[in-house]
Amino acid sequence: MPTAVLRRYTPPTCTLEIAANRSALSRWTDRTVLKDIQFQLSFDDPKLPPEQQITVSGDRNQLEALCETVQTYVQNFLVAAPTDLSWEESLRQGNVGLRSAEPMTLSGSADAPAPAEQARSISLQPQGLLSHHLHLGSLATAESGESVQLTALQLFDLANALESYQAEALSLPISTHPAWLSRLPKRWPSIAAIALLALGATGGIAKFVLDVANPTIQTASAPQQREVNSELNSDLFPKMSPPPVEVSPSVSLQPLPPPPPTTATGNSPGLPPVGVTQAPPQPVQPAQPAAPTATLPGSSSEGGQVMVIPDPTGGTAVPSESLAGASRSAEPPRLAEAVPESAGLTASNATRDQVATNSTTAFDAIPQVAEVRSYFQERWQPPQGLSQILEYRLLLTANGSLQRIVPLGQASEQYIDRTNMPLMGEPFVAPTQDGSTPQIRLVLKPDGKVQTFLEYAN
Amino acid sequence: MPSTVKPSTDESSAWAELPLTQQPNPEQLDNIKAQLDLVLLALEALAQISSEAVLQAAADLNLTHLVADRVALWRLRQSSPLRRGQGRKRMDVEEARALVLIICHLAKQHQELIRRAVALLEQLTEQQREPYQVALLGDYLDNFSNAYQERMEADLATPTDQLSHLALKLLIDLLFYSAPTGNRRLWMALLDRSLPSSSRSE
């Protein structure tokens with residue numbers, strides 16, 4: 001199991017541990033980018049006898065499948081009418097052991113799988129109001145058995161742990177391609193440029209950077225995160241045995257041991273240390289910093305595409321690369337701006353001219369609203385099979401570039417890299433007349449239509 | 001001029017969790033109103049949450065422009081089609097969203113209580129005992145039934161065990177709404193439940 005990075009979520013009735021390796025891409029950012037994510041999930045409700053406390057583990061795909069399944073199931077459960085679920089059934093069957101329940105209409109897997117496939121897929125079925133049958137699918141082991149019975153509280157805690165992971169973790173989409181990584185030494189400039197463009201285009205870095213610098217953004221989780229932050233500087237080694245039951249049901253993060261002594265801390269201002277990542281510098285890649293420190297973001301954010309963790313030493317020492325040189329600033333927001341410049345993607349004046357002549361609507365209180373719409377209207381190509389409407393909140397800078405992208409809703413997060421978002425810091429509409437930073441809602445429809453609305457003129 | 005790292009206000013970031021791509025039609029909105037009223041009813045029955053508490057939550061969340069005072073709150077509750085008076089009062093989508101945020105805020109505040117109630121329910125179920133046997137749950141069910149029968153249209157007279165079933169389902173739902181992602185869960189559930197069943201997402 002890779003040990004470079006660990007996260008731990010410990011609601012009262014289960015424990016979710018995540019481990020991952022530090023990706024070579026970390027050198028191009030002042031954050032740690034992760035790959036090879038592995039997880040371990042323990043159903044360790046203290047009410048259960050030790051022999052009934054089951055642990056399963058798997059890779060990122062299985063974790064994503066589990067997240068998806070549980071989330072969908074919970075949502076379906078909430079939507080179900082009380083008459084769909086029999087409370088009396090729970091009364092009769094109680095909560096003991098496993099049983100073959102009649103599958104009801106609330107199965108949590110994406111499609112109804114064929115029986116042969118059902119063995120492999122992770123799914124959930126209700127047994128009355130209070131009991132839920134989690135089929136472990138490919139996660140099942142001889143020890144765990146084919147499925148696990150969950151009470152409402154256990155399901156709740158599991159869902160919360162998985163959602164906390166999702167909120168924090170942005171997984172690197174190209175993490176499954178080790179081949180090019182091994183060629184990295186020779187092709188650093190072009191590959192890194194492409195990777196950073198991809199990362200920039202997803203808005204992952206900038207969004208994450210800003211969220212880290214502003215732990216109060218997500219109000220719902222902020223109080224929990226703040227209370228966690230105070231613990232995180234202490235020197236705790238993650239325990240592998242079930243954690244003590246917490247009085248408060250909030251999930252918490254437990255940090256790793258601190259990294260070896262660092263030369264410069266060079267903390268980015270305002271980045272709350274939340275956790276620590278550590279691995280000895282990988283011998284394959286030269287010019288590794290002497291002792292990289294990394295901190296995990298203090299706030300949760302809507303999920304995104306890239307798993308990044310801030311590295312307060314301000315990036316790595318790769319002096320010969322102008323790309324890295326530009327990005328070594330300790331100021332997170334500048335990173336995003338530095339990228340497109342170094343990569344040669346300067347503001348396109350041509351683009352701005354194109355958008356200037358498009359028609360306007362009654363909602364175009366400022367010209368940028370129409371310009372944003374035109375920009376996307378030209379580029380939006382709904383992916384095959386997309387049926388949902390995607391919505392984003394775009395915060396612009398005064399010079400007409402993107403400062404921040406907030407995807408609204410899961411589909412929006414999922415498809416963000418298909419939206420042709422302009423790079424952060426790269427002007428794509430006209431600068432605002434009065435130096436304001438407007439906030440614009442962008443709606444991309446599966447039929448190809450694009451709408452924009454002004455939310456705040458700021 | 002805001003700096004690049006200016007956080008959005010609590011309200012707008014919370015709003016971000018409640019996307020709405022299409023205005024619900026009047027039937028859907030009716031359904032949503034009914035659901036919101038019932039969830040609030042459950043909260044009242046369990047935690048004795050008063051109008052003051054609801055209005056305080058609105059103030060804490062900067063939502064007083066949408067839920068200003070007792071009269072406004074009363075109007076919003078009365079808009080449920082299940083109520084006596086058949087929901088002659090109105091509620092618009094923004095007010096619905098505000099209620100979602102308020103409900104989840106209150107649920108979060110009372111998470112310990114909700115969790116305890118669900119734990120007791122699970123325990124009793126395991127022991128094959130009726131929930132009435134424990135005071136917390138017995139009171140909850142009584143409060144819920146009484147309030148329901150008092151406030152809802154008479155010809156919606158629902159047998160007690162059905163009401164209990166509804167109350168228990170709402171109790172478990174409240175548990176899920178008390179989580180950090182509660183806002184989104186409640187909002188999506190409202191929207192999904194209001195759709196005609198053929199177009200519901202599974």
Side-chain angles (χ1 to χ4, degrees), chain A residues 72 74-83 85 87 90-92 94-96 105 107 129-131 151-153 156 159-160 163-164 167 210 213-214 216-221 224 248-249 270 300 302 332-333 389 391 393 395 397-398 403-404 406 408-409 412 435-437 439 443 455-456 458, chain B residues 1-8 10-22 61 104-105 108 111-112 115 118-119 121-130 162 164-170 172-173 175-186 188-190 192-193 200-202:
Chain A
T72 307
V74 166
Q75 213 51 49
N76 286 344
F77 176 83
L78 291 171
V79 171
T83 45
L85 302 159
W87 178 58
S90 305
L91 249 191
R92 280 197 301 277
N95 209 19
V96 181
T105 54
S107 93
L129 206 53
L130 288 171
S131 193
T151 64
L153 285 178
F156 176 64
N160 286 348
E163 284 178 359
S164 298
L210 292 169
N214 295 286
T216 55
I217 281 177
Q218 284 260 319
T219 55
S221 54
Q224 287 184 357
S248 130
S300 59
E302 297 100 4
I389 295 176
E391 270 192 271
R393 168 164 302 136
L395 185 61
T397 61
Q403 190 188 131
R404 193 165 159 208
V406 179
L408 303 173
S412 305
S436 62
T437 57
Q439 186 166 299
V443 180
E455 288 195 335
Y456 295 105
N458 278 336
Chain B
M1 174 146 111
S3 71
T4 54
V5 295
K6 175 191 171 189
S8 44
D10 284 0
E11 182 190 334
S12 58
S13 70
W15 236 239
E17 299 170 320
L18 309 183
L20 183 69
T21 48
Q22 240 177 337
L61 297 168
C104 295
H105 181 81
K108 222 170 282 165
Q111 190 183 53
E112 284 293 337
R115 200 178 170 105
V118 174
L121 183 61
E122 285 176 350
Q123 209 176 311
L124 289 171
T125 306
E126 257 177 74
Q127 295 163 0
Q128 316 237 344
R129 290 162 64 198
E130 295 280 344
Q162 251 188 58
S164 298
H165 204 159
L166 172 62
L168 293 176
K169 173 66 167 49
L170 284 168
I172 298 174
D173 290 353
L175 178 68
F176 285 94
Y177 301 149
S178 69
T181 51
N183 287 336
R184 191 181 57 83
R185 281 179 182 159
L186 175 52
M188 298 310 295
L190 289 173
D192 274 350
R193 280 191 213 121
R200 261 188 216 161
S201 50
E202 283 298 332

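Basis for what follows: all heavy atoms, side chains included, without hydrogens, waters or symmetry-related copies. Residue numbering restarts at 1 for every chain, and letters A, B, ... go by the order of the sequence lines.
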task: Drop me the distance from A:L130's CG to B:I172's CD1, to the nearest 0.5 angstrom.
output: 4.5 Å

field: Part of B:L166 lying under 4.5 Å from any heavy atom of chain A
entry: both

message: Under the rule for side chain to side chain contact (heavy atoms under 4.5 Å, CB included), what residues qualify as partners of B:A189, not counting sequence neighbours?
response: A:Q75, A:L78, A:V79, B:Y177, B:R193

query: So, for A:L129 and B:K169, which heavy atoms are closest and what is the spacing to 0.1 Å?
result: CD1-CD, 3.6 Å

field: A:V443 portion near chain B, given a 4.5 angstrom heavy-atom threshold
entry: neither

- prompt: So, the side chain of A:E163 versus the backbone of B:T181: is there a donor-acceptor pair under 3.5 Å, distance only?
  reply: no

message: Would you call the rings of B:F176 and A:F156 parallel, tilted or perpendicular, taking 30° and 60° as the class edges?
response: perpendicular

message: To check you understand the geometry: which heavy-atom pair defines the closest contact between B:V118 and A:A152, and what is its length?
response: CG1-CB, 4.1 Å

